[in-house]
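Structure record follows, encoded as structure tokens.
Scope of the values below: all heavy atoms of this structure, side chains included, with no hydrogens, waters or symmetry mates.
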Amino acid sequence: MVDEYTIVKSIHVLAAALWVGTGFAVNIAMTLGARSGEPATMLVAMRFAKFLGKYVFPWLSLVTLAFGIWLTESFYDWDLLWIQLGMVGLVVSTAIGIFYLGPKGEAGIAAIESGTPPPPGRNWVPIVARLNLLIVAAVLVLMVIRPT
């Protein structure tokens, strides 16, 4: 028979794995779009990222958080380092998505749709997106290895 711990942990791990996998897919799509040099291809990649950022990432982060809290309250302690680091990583990653990547993505889509290319210079969005993916992947690894 499957117990509460197995069900809750399975949902938590599945949501976290989907969160990392979706972030990986977005990074690949954005890289391919940018390398194409074609505004139409870039726009498709950016709309894909916008859709996932608006409708998929928030739910995955909420499910991961809710079931992580459930696990911690029922089976672990809040003073464990890996749980604290996981919470920090989840909050930081979500904040980066909401307050930086989301608005920058909206601006990029609007610029391409209006035919106005972004100004020359360093585009920090792909760098920040990759760092954000690294944060989420690091949290996933922390949950697996559970350093004390």
Side-chain angles (χ1 to χ4, degrees), residues 2 5-73 76 78 80-147:
V2 179
Y5 176 78
T6 303
I7 293 169
V8 174
K9 186 173 182 181
S10 295
I11 293 169
H12 175 71
V13 169
L14 180 61
L18 288 170
W19 192 8
V20 173
T22 303
F24 186 72
V26 166
N27 273 274
I28 290 173
M30 295 301 291
T31 299
L32 294 174
R35 286 187 180 170
S36 76
E38 300 172 13
T41 304
M42 288 184 234
L43 194 55
V44 168
M46 293 172 81
R47 286 181 177 154
F48 174 65
K50 177 184 173 183
F51 174 82
L52 292 175
K54 191 172 185 178
Y55 298 109
V56 177
F57 281 121
W59 289 108
L60 291 174
S61 64
L62 280 173
V63 169
T64 302
L65 175 63
F67 282 82
I69 290 171
W70 186 347
L71 281 167
T72 304
E73 286 292 322
Y76 298 106
W78 286 102
L80 294 170
L81 176 65
W82 57 276
I83 290 175
Q84 293 170 359
L85 291 173
M87 289 295 290
V88 168
L90 187 143
V91 169
V92 168
S93 175
T94 301
I96 289 169
I98 291 170
F99 298 114
Y100 183 79
L101 295 173
K104 290 291 188 179
E106 290 280 346
I109 290 170
I112 291 175
E113 288 176 339
S114 71
T116 310
R122 169 55 76 185
N123 181 3
W124 287 96
V125 174
I127 295 167
V128 172
R130 288 181 188 115
L131 288 173
N132 201 34
L133 176 60
L134 183 61
I135 290 169
V136 178
V139 168
L140 188 66
V141 170
L142 280 171
M143 297 300 109
V144 171
I145 64 173
R146 299 179 185 176

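- Looking at heavy atoms from C-beta onward, V56 lies out of side-chain contact with W19 at the 4.5 angstrom threshold.
- Remark: R130 CZ to T31 OG1 distance equals 4.0 Å, nearest 0.5 Å.
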| message | Could you walk me through whether F24 and I28 satisfy the side chain to side chain contact (heavy atoms under 4.5 Å, CB included) test, starting with their C-alpha distance in whole Å, then the side-chain angles of each, then the deciding distance to 0.1 Å, before giving a yes or no? | response | CA-CA 6 Å; F24 186 72; I28 290 173; 3.2 Å; yes
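- Here the shortest heavy-atom pairing between P58 and G53 reads CD-O, 3.2 Å.
- Between E113 and R47 a salt bridge is recorded (basic side-chain N to carboxylate O distance below 4.0 Å).
- Side-chain atoms of S114 come within 3.5 Å of backbone atoms of A110 as a donor-acceptor pair (strictly under, hydrogens ignored).
- Considering every non-hydrogen atom in both T64 and H12, the closest pair reads O-ND1, 2.9 Å.
- Note that CG of N132 and CD1 of I127 are 13.5 Å apart. Values are rounded to the nearest 0.5 Å.
- Here CG of L142 is found 7.5 Å from CG of L81. Values are rounded to the nearest 0.5 Å.
- A49 approaches V26 most closely through the heavy-atom pair CB-CG1, 3.8 Å.
- Going from atom OG1 of T94 over to atom CZ of F57 covers 10.0 Å, rounded to the nearest 0.5 Å.
- Rounded to the nearest 0.5 angstrom, L90 CG and L65 CG are separated by 5.5 Å.
- Smallest separation of non-hydrogen atoms from A29 and A45: O-CB, 3.4 Å.
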| task | Could you give me the CA-CA distance, side-chain angles and deciding distance for W78 and M87, then say whether side chain to side chain contact (heavy atoms under 4.5 Å, CB included) is met? | result | CA-CA 10 Å; W78 286 102; M87 289 295 290; 4.0 Å; yes
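- Screening V91, V136, I135, L131 for a side chain to side chain contact (heavy atoms under 4.5 Å, CB included) involving I96 leaves a single residue, I135.
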| request: Evaluate side chain to side chain contact (heavy atoms under 4.5 Å, CB included) for T6 paired with S10, printing each intermediate quantity in order. | output: CA-CA 6 Å; T6 303; S10 295; 4.1 Å; yes
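- When every heavy atom of P126 is checked against every heavy atom of N27, the shortest pair comes out as O-OD1, 4.4 Å.
- Taking CD of E38 as the start and CD1 of I112 as the end, the distance is 12.0 Å to the nearest 0.5 Å.
- In this structure, L85 and V139 have side chains that are not in contact, with every pair of non-hydrogen atoms separated by 4.5 Å or more.
- For P103 against G97, the heavy-atom pair with the smallest separation is CD-O, 4.4 Å.
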